[in-house]
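It should be emphasised that the depicted structure is a prediction, and the values quoted were computed from it without experimental measurement. Count residues from 1 along the sequence.
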Amino acid sequence: MNAPNKHAAFSAVASLPDADVSDLLRDSRSATEFLVLVLPGFSQLCLASLIEPLRLANSLTRSSLFDWTIHSVDGNPVRCASGLTMGVAGSLADVAKSFHPNVNLVLCAGENVERFRGAVLRSYLRQALRARVPIYALGTAAWLLADAAILRNARCTIHWSRMAALSEKFEDLAVDDALFVRHGQIVTCAGEFAAFDLAMDLVQKQGGANLAGSICQHVAADRWRDGASCQSVPPGLRYSGAGKRLLPIIKLMEANLEDPLSLEEISRHVAVSRRQIERLFERHLSRTPFQHYLALRLAKARQLIELTDMPIMDVAVACGFVSSSHFSKTFRDNFGVLPRELRMLDRA
């Protein structure tokens with residue numbers, strides 16, 4: 001796409017009555033380019049959540065704020081998680097030829113991301129890093145960056161379904177329960193609707209807050225979320241008054257899965273009485289604090305069983321169980337299958 005001329009920029013301002021004129025004229029001089037690498041099993045929702053706001057930014061301003069092309073590892077069409085096949089503009093080799101600091105590399109990965117790591121992909125990712133190319137990892141793609149040793153000692157995030165496994169597999173990472181995290185030239189994003197929040201952050205930086213607001217209005221969204229917002233907020237609590245009281249308690253539980261705290265210890269940490277905590281959980285989550293805490297520990301255990309090779313006993317210890325027999329029984333009661341049976345099913 002060609003950079004818009006001055007007349008086009010003024011047309012963009014006219015199409016957005018509330019736009020910040022100085023921001024729009026300054027930032028619409030040239031397109032921000034994204035080279036998007038999609039891997040088999042990627043989430044179509046995640047990809048669309050990133051691209052559609054960028055497309056709308058161009059459409060609403062009648063300018064070329066953003067440009068993008070879609071690529072695959074081998075240049076062949078890629079099948080996404082929903083079974084649809086997406087055509088691409090070229091291969092990973094074609095992308096690598098375009099590496100320079102003014103282009104952005106986006107990795108969009110989803111299910112079974114561990115299967116797509118390899119020497120070729122590692123080499124190209126490290127090449128991008130050396131070329132100072134900003135790298136965006138969406139969904140489960142942070143796993144590929146960690147595998148390529150690009151995320152050493154870095155703050156990052158990943159989709160919640162891989163968060164515990166990523167932390168155990170790559171112990172030098174600081175994995176945040178966040179929608180997206182910026183660390184130097186690397187941006188990691190939880191994917192799915194979090195990709196929309198990342199896109200709105202990009203739009204706001206390039207075209208201003210009023211343009212971002214116009215896009216939200218266009219897609220019937222009343223807001224976009226800050227990147228530091230937690231993924232793990234239970235449904236209905238994110239914007240409620242109860243959320244402000246419950247979230248610190250839930251985050252404290254999540255931070256202490258290996259050595260679970262007693263309800264009395266939690267009460268002291270958050271300065272809320274035990275009885276108040278019990279009432280909050282009963283009223284807003286329809287469960288006791290113990291039941292919620294146990295669900296968090298078992299969810300982590302399931303991730304570790306499905307996505308790592310950790311011995312079952314090590315998984316039990318990492319999730320706060322004192323014996324493998326108690327862990328196995330509790331796991332079966334909740335998931336209907338023993339931990340070792342689940343691992344065998346996943347390996348079949």
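When the shell of 6.0 Å around CD of E265 is examined, it contains more than 12 heavy atoms from other residues, nucleotides or ligands. Atom CD of Q291 has more than 12 neighbouring heavy atoms from other residues, nucleotides or ligands inside a 6.0 Å radius. More than 12 heavy atoms of other residues, nucleotides or ligands sit less than 6.0 Å from atom CZ of R126.
By the 4.5 Å heavy-atom criterion applied to side chains, Q231 and T157 are counted as neighbours. The shortest side-chain heavy-atom distance between R130 and Q127 falls under the 4.5 Å cut-off. A 4.5 Å side-chain heavy-atom check between L47 and V38 finds at least one atom pair inside the cut-off. In this structure the side chain of L54 never reaches within 4.5 angstrom of the side chain of L65, judged on heavy atoms. Between F66 and E33 the shortest side-chain heavy-atom distance does not fall below 4.5 Å. Side-chain atoms of T188 and R155, non-hydrogen and from C-beta on, never get closer than 4.5 Å to each other. Contact annotation: the side chain of I186 approaches that of L145 to within less than 4.5 Å [non-hydrogen atoms, C-beta and beyond]. Within the 4.5 Å cutoff, the side chain of E306 has no heavy atoms near those of the R343 side chain.
Judged as a salt bridge (charged side-chain N to carboxylate O under 4.0 Å, His left out), and not counting sequence neighbours, R340 has no contacts. F99 meets the ring pair (Phe, Tyr, Trp, His ring centres under 6.0 Å) test with no other residue; sequence neighbours excluded.
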Verdict with supporting geometry, R297 and E254, salt bridge (Lys or Arg N to Asp or Glu O under 4.0 Å)
CA-CA 8 Å; R297 293 160 58 203; E254 291 174 340; over 6 Å; no

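Looking only at distances, a side-chain donor or acceptor of N256 sits under 3.5 Å from a matching main-chain atom of L252.
Residues W143 and L179 do not share a hydrophobic cluster, defined by chaining ILVMFWY side chains whose heavy atoms lie under 4.5 Å apart.
Ring geometry for H292 against F281 counts as tilted: the plane angle lies between 30° and 60°, on a 0 to 90° scale.
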